[in-house]
Protein chains: 2
Amino acid sequence: MRSTDVGSDSIAGMADRKRGIAGSATLDDLDRALVAALQADGRESFRNIARRLNVAEGTIRNRYERLSDAGVLDVVGVTNPLALGFDAMAMVGVKTSGRPQQVAEALSGMEEVSYVVIVAGQFDLLVEVVCTDHAHLLEMTERLRALDGIVTTDTFVYLKLARQSFEHGQLPRR
Amino acid sequence: MRSTDVGSDSIAGMADRKRGIAGSATLDDLDRALVAALQADGRESFRNIARRLNVAEGTIRNRYERLSDAGVLDVVGVTNPLALGFDAMAMVGVKTSGRPQQVAEALSGMEEVSYVVIVAGQFDLLVEVVCTDHAHLLEMTERLRALDGIVTTDTFVYLKLARQSFEHGQLPRR
DNA sequence: TCCTTCATTGCGGTTTGCGTACCCACACCC
DNA sequence: GGGTGTGGGTACGCAAACCGCAATGAAGGA
């Protein structure tokens, strides 16, 4: 009955589609195609996407809501802050004494912090901060260093943003 | 006649609104409000935004197209790759021998590379790569090291993405 | 087998997107 | 001054898209 051009064969029924623990959802071919479509153009109409993928518009709408609620997909306006008046961005490498997770949560609450990732290597955390000017950045790094659980910080001031992409090639199957 | 709630006083006429060189656009209050709206929800209808900001829908549409064409704003679907089956992300600190700009351009062409920024500090470039698994990541870093103009690389493997935000607080005036 | 669950579909009423025409302010030039 | 051009905002109408809802059908369990 249904036939999508997304995968090689039918994906109907979604019987094989289950969600694991939060943060590790399982996507089928249709989900992947939807994600890819919105990565290319976040404002493409659901009807149009539905036509291309050979399903009903309501299906796309449902899938979108589900992915969105699950925190897997989010359609947002992105900018290049440096082209917008934020004249001091930086990546800060942080070494922590306690659990990095805890420090990461504290950092995530700060307005200037746009990106926090727990990493393995010379640092425990990488933190991207967006400031209006150098004075603001200085004040920000001082606030960081004062935080509980933070041992050292290394600041890399952004000179130029050369690429910012949200399409990650072929989505792997699960 | 026109009255927006965006700024303190009228922004009519836009006489004061000019664009500088590419990459350094000047935004007025209405632009900033539009950007903020789409940062919060990239699929909100233009009509709805227009109502909130007390302008005609066509105005929002025009502004959006202009910002989009200027490369200042882009509405896209963003995901957490780690929650999507890409099991090996990393930030790579790169030291270059020649001009970083040139290396940055070469890197930007690679599919696995999602983010490239020229920085000041211990590294010349920060490069984010998105790979499907560790084997892929290993192969990728080897390809990096072989690139002309790259002296050393330091790889920070992502363990967990703790925060990913695209709203950067109050947009500074220009 | 019957029943329950759940994703998908089809269908209307309402809302939005988009092309077009018109208006106004400003700048420039003869 | 009058004429002309340009850029941005507004008004309007129609095709298209969004949204809620009831119906359908497949899968799984008792």
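Predicted model, so just to flag it, every value in this text is computed and none were measured.
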Open item on the list: With a 4.0 Å cutoff (strictly under), does any side-chain N or O of T59(B) reach OP1 or OP2 of dT10(D)?
Closed with: yes

- [ ] Measure the distance from CZ on R61(B) to P on dC12(D) and round it to the nearest whole Å.
- [x] 15 Å

Open item on the list: Which residues in residues 35-50 of chain A have a heavy atom closer than 4.0 Å to any atom of DNA chain C?
Closed with: R43(A)

Open item on the list: Filter on salt bridge (Lys or Arg N to Asp or Glu O under 4.0 Å), then keep only pairs touching residues 116-133 of chain A, sequence neighbours left out; what's left?
Closed with: none

Task: Pair of N/O donor and acceptor under 3.5 Å linking dC18(C) base with E57(B) side chain - done: yes

Task: Within 6.0 Å of CG in D69(B), more than 12 heavy atoms from elsewhere - done: yes

Task: Nucleotide of dA7(C), dT10(D), dG9(D) approaching R63(A) most closely (side-chain heavy atoms) - done: dA7(C)

Open item on the list: Counting only side-chain heavy atoms from C-beta out, which of dC19(D), dA7(C), dT10(D) sits nearest to R66(A)?
Closed with: dA7(C)

Task: For E44(B), side chain to side chain donor-acceptor pair (under 3.5 Å) partners two or more places apart - done: N48(B), R52(B)

TODO: Output, in order, the C-alpha distance, side-chain angles, deciding distance and verdict of side-chain hydrogen bond (donor to acceptor under 3.5 Å, both in side chains) for E112(B) and H136(B).
DONE: CA-CA 10 Å; E112(B) 293 94 338; H136(B) 185 191; 2.8 Å; yes

Task: Distance flag, aromatic centroids of F166(B) and F166(A), threshold under 6.0 Å - done: yes

- [ ] Quickly work out the I60(A) CD1 to dA17(D) C1' distance and round it to whole Å.
- [x] 14 Å

Open item on the list: Expressed as a whole number of angstroms, how long is the span from N62(B):CG to dC18(C):P?
Closed with: 12 Å

Task: Spacing between D28(B) atom CG and dG9(D) atom C1', to the nearest angstrom - done: 13 Å

- [ ] Mind telling me whether Y64(A) and F46(A) have parallel, tilted or perpendicular rings, with 30° and 60° as the class edges?
- [x] tilted

Task: OP1 or OP2 of dT16(C) under 4.0 Å from side-chain N/O of R51(B) - done: yes

